Amino acid sequence: MVNKTLSGVSDFTSLRIPIDKVGVEERVERFQKRSIKNGSKLEGLKLILNMIDLTTLEGKDTPSKVKQMCYKAQHLHDVHAGLPTVAAVCVYPNFVKLAKESLKGSNVKVASVATAFPSGQAPLSIKLEDTKLALDSGADEIDMVISRGKFLSGDYNFVYDEIAAIKEVCGEARLKVILETGELVTLDNVRLASDIAMYAGADFIKTSTGKISPAATMQVTYVMLTAIRDFMYKTGVQVGMKPAGGISNSKLALQYMVMLYETLGPDWMSNEWFRFGASSLANDVLMQIVKQETGRYQSADYFSID
Amino acid sequence: MERLSVLKTYKLYIGGAFPRTESGRYYELKNGKGENIANVCLASRKDFRNAVVAARKASGGWSERSHFNRSQILYRIAEMMETRRAQFIEELISQGISKSKAEVEVDLSVDRLVYYAGWCDKYTQVLSSVNPVSSPHFNFSTVEPMGVISVISDVKNGLLDLVSVVAPIIAGGNTVVVLAAEQYPLSAITFAEVLNSSDVPGGVVNILTGKRSELLKHMASHMDVNAIAYSGTSGEERKLIEIESVENLKRSCYIDENWNDKGAQGLKFIEMFQEVKTTWHPIENIGGATSSY
């Protein structure tokens, strides 16, 4: 199975590309220093809103919480006309059905985490069941986690086969593969895990579960974006990117947009190919949009509760 | 060989840290003889925004501290200031204030902190009440801190004005963003150093140095600021505050006191930044008997 897809690559270690950590840091610093003019900023903020996967993945989630979030996904700030909706909501498989019903008639998709999220410590059969449950309940997208333990012990074939198996079950649903970069230790590993995930059929690669610190960082995201670029050149297949966790303010989100544009270009500048996994980013972006248009700094008191 | 002089860099005080202004601007502070004594950060509206974020973040924790603990912390500020008495006096003199005036000012500032430290665990008892109502309810009013307050410091004294306004506000459980007087920024930043070493949680007091003309509008219009304390007499500026603070019904407080007066302190300065909450608690009242609770 491995040999076929990788067209001749029989050993994942040969895929290993060393990453220049200092170079990455310097490059990322550049993205943080771009001057963004008001007009572009406003457009950028609206695009960011439209790229958000509004997320709740807590043990304490209740049906009411999920319903409230689905309502928010469609009505971000109704007093302000002309705002887009978010791209999707992201919930546990248990809540997919409810989310799907709550979002009926809107363009907002339902993404579900699966495969024994967040640890991924379960046998494949259970992960497949978990995925099927989400899909049968109507999930449009599946966010799976890779087996980090297996990856770190060098069992790359296992990781690859697992992703491929989940992808097969997914069918039409788009598959996002969470690498949980906070546990992968080095940027070299992040690059290798990205490549394995893409060769195994990932539609998106995603940084983190949000349960581990550090979650998404610009450095890690940059390494993954360059992996996506190289993959595109090599195979002609476009893969999406989703940084998740820790991106909670507009300024940082805009810096991600700069990085995305300068690394992958305009083809990726839509929610079909780029997402933010976040719970509190939406409100901060809304506050910035209202600030841009009224000149008045805003308060969380006048926006919906996360 | 002559020693290389070591000059202090006066930076802003935001969220318990001393950042430079994000704008990278500064202004030159001159003494009476027209000599440059320091380059001072010229804070921008973005620095103010960052300071409000820090103040809001600190607000919950500070307002929930036990009042006695707030009292201890205010007293600690007084202690730390006392140990730096000489430095404060010297700095005031460098900014053009006479030695005798400077000494009085520093002593009064310390005393004022001690005064408000004493009020911390007493003002709620004095300002709260049980109210008579003609229905079977136990009706009582208590005071709660308003939240984030922006303070425009007076320009008469370098240090005393700042301390006299900020002490009662934080004693009452609020957090503040202060714009120091343009011509006396040095004492304000040295006061920040005192705060930083006095167990005052980061973000409770944030101090900016810069131009009132640039920042006043934003200090009055920011939706996440609950009240604005303005020490000054300009009619134009007051008008601007009134117009800009309407949008979120911000409380605007005009303070025009001679802080050098020993009596220029009191409960009213705490009360000014408190919100009254009244609770109607149903009680049993059968057959016309007098209510009991």
Side-chain angles (χ1 to χ4, degrees), chain A residues 28-42 44-45 48-49 76-81 83 213 218 245-255 257-258 278-306, chain B residues 14-15 19-20 22-25 43-60 63 144-150 174-175 177 179 203 206 208 214-228 240-252 275:
Chain A
V28 165
E29 239 170 70
R30 293 289 185 90
F31 300 132
Q32 293 168 331
K33 286 178 182 155
R34 297 280 185 262
S35 153
I36 303 169
K37 301 301 171 204
N38 282 338
S40 321
K41 192 188 271 180
L42 195 56
L45 289 170
I48 289 166
L49 269 189
L76 282 170
H77 193 52
D78 282 350
V79 293
H80 196 93
L83 290 176
S213 183
M218 287 189 74
I247 305 166
S248 56
N249 70 65
S250 314
K251 190 173 177 181
L252 184 57
L254 281 167
Q255 288 168 353
M257 299 307 288
V258 170
S279 51
S280 55
L281 175 63
N283 269 17
D284 194 70
V285 174
L286 288 169
M287 278 159 64
Q288 290 309 315
I289 289 176
V290 178
K291 155 70 180 62
Q292 285 297 311
E293 298 189 347
T294 61
R296 197 177 280 276
Y297 287 116
Q298 297 298 306
S299 161
D301 288 354
Y302 306 96
F303 292 81
S304 63
I305 296 166
D306 284 319
Chain B
I14 299 174
R20 288 187 169 80
E22 64 80 41
S23 67
R25 305 174 307 166
S44 70
R45 64 188 164 87
K46 289 186 182 170
D47 294 312
F48 172 67
R49 176 197 62 189
N50 294 343
V52 173
V53 170
R56 177 57 65 197
K57 209 170 151 199
S59 171
S63 66
E144 291 181 346
M146 294 191 72
V148 176
I149 318 290
S150 50
N174 299 291
T175 57
V177 180
L179 175 61
N206 305 278
L208 307 177
E214 280 180 7
L215 293 176
L216 186 64
K217 180 170 182 282
H218 298 284
M219 296 182 88
S221 72
H222 199 307
M223 297 290 278
D224 211 21
V225 171
N226 302 95
I228 178 166
L240 180 72
I241 290 171
E242 284 302 306
I243 291 170
E244 292 295 338
S245 61
V246 158
E247 191 70 20
N248 71 336
L249 304 178
K250 193 179 285 108
R251 188 181 292 178
S252 46
E275 200 76 77

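These figures come from a predicted structure and were not determined experimentally. Each chain gets a letter, A, B and so on, in the order its sequence line appears, and its residues count up from 1.
- Ranked by heavy-atom pairs under 4.5 Å with chain B, the first of Arg296(A), Lys291(A), Gln298(A) is Arg296(A).
- No more than 12 heavy atoms of other residues, nucleotides or ligands lie within 6.0 Å of NZ in Lys57(B), so this atom counts as exposed by the packing criterion.
- Counting heavy atoms of neighbouring residues, nucleotides and ligands inside a 6.0 Å radius, atom CZ of Arg34(A) exceeds 12 of them.
- Rounding to the nearest 0.5 angstrom, the gap separating the CD atom in Gln288(A) from the CZ atom in Arg49(B) is 6.0 Å.
- Interface summary for chain A: among Arg45(B), Arg56(B), Lys217(B), the most heavy-atom pairs under 4.5 angstrom belong to Arg45(B).
- Across all their heavy atoms, Asp224(B) and Ala300(A) have their closest contact at OD1-N, 4.4 Å.
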